[in-house]
Amino acid sequence: MPQPHVVAAPAFLSDMQIATWNINGIKARLPVLLEWLKEANPDICCLQEIKSVNEGFPTQILEDAGYNVAVHGQKAFNGVAILSKRPFDEVSYGLPGDDSDEQSRYLEAVVQLDDTIIRVASIYLPNGNPVDSPKYSYKLAWMDRLIAHAKQLLKLEEPLVLAGDYNVIPQSQDAKRPELWVNDALALPQSRARFRSLLNLGLTDALRAVNTDAGIYTFWDYQAGAWKRDNGIRIDHALLSPQAVDRLEECRIDKHVRGWTKPSDHVPLVVTVSEADNA
DNA sequence: ATGACCTGTTTAACAGGA
């Protein structure tokens, strides 16, 4: 059994940047991912839709870029990963609650900081369309499992960041053209109610904690000139436990990355938390 | 404009995404 490679922790960090990004295929996106990691230099980066088996993931290349790598992949579709400059204390694969679920959409890891730990999950919540198919009931059931698991995690009273592609447009202000989404799995009342249930457990939408403006998006479709028209939706979110919110410094969306060559249709969202408690 | 994409893959007048 080969020893897993461990990248040494940085000697000093005044704050932590935790990013999430649906990259829509690691094979097609590796150059853009490496470019953005170099530019933004996040401490932790949650990835979704890697569309790769574990063996096909460019672990060595990302380790050479300074990251420890945890991967939960599958063939062709879905797949999540977490990159971390600091070593992983624990990694758990898959969302609890249904042993028959074979889709790789959830990965959770714990990282040691100077004065505490931080628990991070990379989430690729099911799309759910079309809504008259089993895909929508799978989405709602998956969200119910996420609510149940989040409830357990919150009992730990740790700094917790549940970050990823939630495939939920929380409110009409989170879409450029909300009327196009009223009958869509991303915006239907049952989807939105479950997203609100997560918040009602005591989780905070990090972006909304720092900015309540309309017109903030994380996804622009490849089709119909959506990017050119700024026809976007906000579906990538970081939900924080109270202990993480106490350390929240900033939350930003790296919108400019959507304009790069061969981009993902999603852009990175970055949460900055301090190493010291601000409360 | 009635049009307009991208990815991985069983390379297809495909499936799945959002």
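The structure displayed is predicted, hence computed values, not measured ones. Lettering of chains follows the sequences in order, A, B, ..., and the numbering in each one begins at 1. Computed from heavy atoms alone, side chains included, the values below leave out hydrogens, waters and symmetry copies.
- Put simply, CD1 on A/Ile169 is 16 Å from P on B/dG17, counting in whole angstrom units.
- More than 12 heavy atoms of other residues, nucleotides or ligands shown are found within 6.0 angstrom of CD on A/Glu179.
- When the options A/Asn22, A/Thr20, A/Asp165 are evaluated for a side chain to side chain donor-acceptor pair (under 3.5 Å) with A/Gln48, the one that passes is A/Thr20.
- Residue-level contact check: A/Gly25 touches the backbone only, with heavy atoms under 4.0 Å from sugar-phosphate atoms and none from bases.
- Rounded to a whole Å, the CG atom of A/Asn167 is 15 Å from the P atom of B/dG16.
- Of the candidates B/dG17, B/dT7, B/dT9, the closest approach to any side-chain atom of A/Gln223 belongs to B/dG17.
- A/Asn127 comes within 4.0 angstrom of a nucleotide base, judged by non-hydrogen atoms across all strands.
- Here A/Asp265 lies out of heavy-atom contact (under 4.0 Å) with every strand.
- Within 4.0 Å of A/Asn22, counting heavy atoms only, lie sugar-phosphate atoms of the nucleic acid but no base atom.
- Atom C1' of B/dA1 sits at a distance of 28 Å from the matching atom of B/dT7, rounded to the whole Å.
- Between B/dA18, B/dT9, B/dG16, one nucleotide has an atom nearer to the side chain of A/Lys27 than all others, and that is B/dT9.
- Of the candidates B/dT7, B/dA18, B/dC6, the closest approach to any side-chain atom of A/Tyr222 belongs to B/dC6.
- For the C1' atoms, the distance from B/dT2 to B/dG8 is 31 Å, rounded to whole Å.
- Residue-level contact check: A/Asn231 touches neither bases nor backbone, having no heavy atom under 4.0 Å from any strand.
- Comparing B/dT11 with B/dA18, their P atoms are spaced 24 Å from each other, to the whole Å.
- A/Arg229 comes within 4.0 angstrom of a nucleotide base, judged by non-hydrogen atoms across all strands.
- Residue A/Tyr124 places its side chain closer to B/dA18 than to any other of B/dA18, B/dT7, B/dG16.
- Of the possible polar contacts, none joining the A/Asn78 side chain to the A/Ser104 backbone as a donor-acceptor pair under 3.5 Å is found.
- Map A/Gln74 and A/Asp165 each onto its nearest nucleotide of DNA chain B; the residue landing nearer the 5' end is A/Gln74.
- As a whole-Å value, the separation of A/Ile23 CD1 from B/dG17 C1' is 15 Å.
- A/Lys228 comes within 4.0 angstrom of nothing in the nucleic acid, heavy atoms only.
- Side-chain atoms of A/Ser241 and A/Glu158 include no donor-acceptor pair closer than 3.5 Å.
- When Watson-Crick and G-U wobble pairs are counted only if both distances are under 3.5 Å, B/dT9 pairs with no nucleotide at all.
- B/dA15: glycosidic angle beyond 90° from 0, hence anti.
- Taking the side chain of A/Ala76 as heavy atoms from C-beta on, and the options B/dG16, B/dT7, B/dT9, the nearest nucleotide is B/dT9.
- Position along DNA chain B of the nearest nucleotide to A/Trp181 versus A/Lys75 favours A/Lys75 as the more 5'-ward residue.
- Using modelled atom types, one finds a donor on one side chain and an acceptor on the other under 3.5 Å when comparing A/Asn24 with A/Lys51.
- Note: NE2 (A/His266) to P (B/dA18) measures 5 Å, nearest angstrom.
- A/Asp99 CG: 12 or fewer foreign heavy atoms inside a 6.0 Å radius.
- One atom, CG of A/Asn24, and another, P of B/dT9, lie 12 Å apart when rounded to the nearest Å.
- Across B/dT10 and B/dG16, the matching C1' atoms stand 15 Å from one another, rounded to whole Å.
- A/Gln103 has its CD atom 13 Å from the C1' atom of B/dA15, to the nearest Å.
- In this entry the distance linking NZ of A/Lys139 with P of B/dG17 reads 11 Å, nearest Å.
- Close to B/dC6, at under 4.0 Å from its OP1 or OP2, lies no side-chain N or O of A/Arg29.
- Counting heavy-atom neighbours within 6.0 Å of A/Asn183 CG, excluding the residue itself, gives a total of 12 or less.
- If you measure from atom CG of A/Asp221 to atom C1' of B/dT7, you get 13 Å, rounded to the nearest angstrom.
- Side-chain N/O atoms of A/Lys51 include none lying less than 4.0 angstrom from OP1 or OP2 on B/dT9.
- B/dT9 and B/dC14 are spaced 9 Å apart, taking the C1' atom of each and rounding to whole Å.
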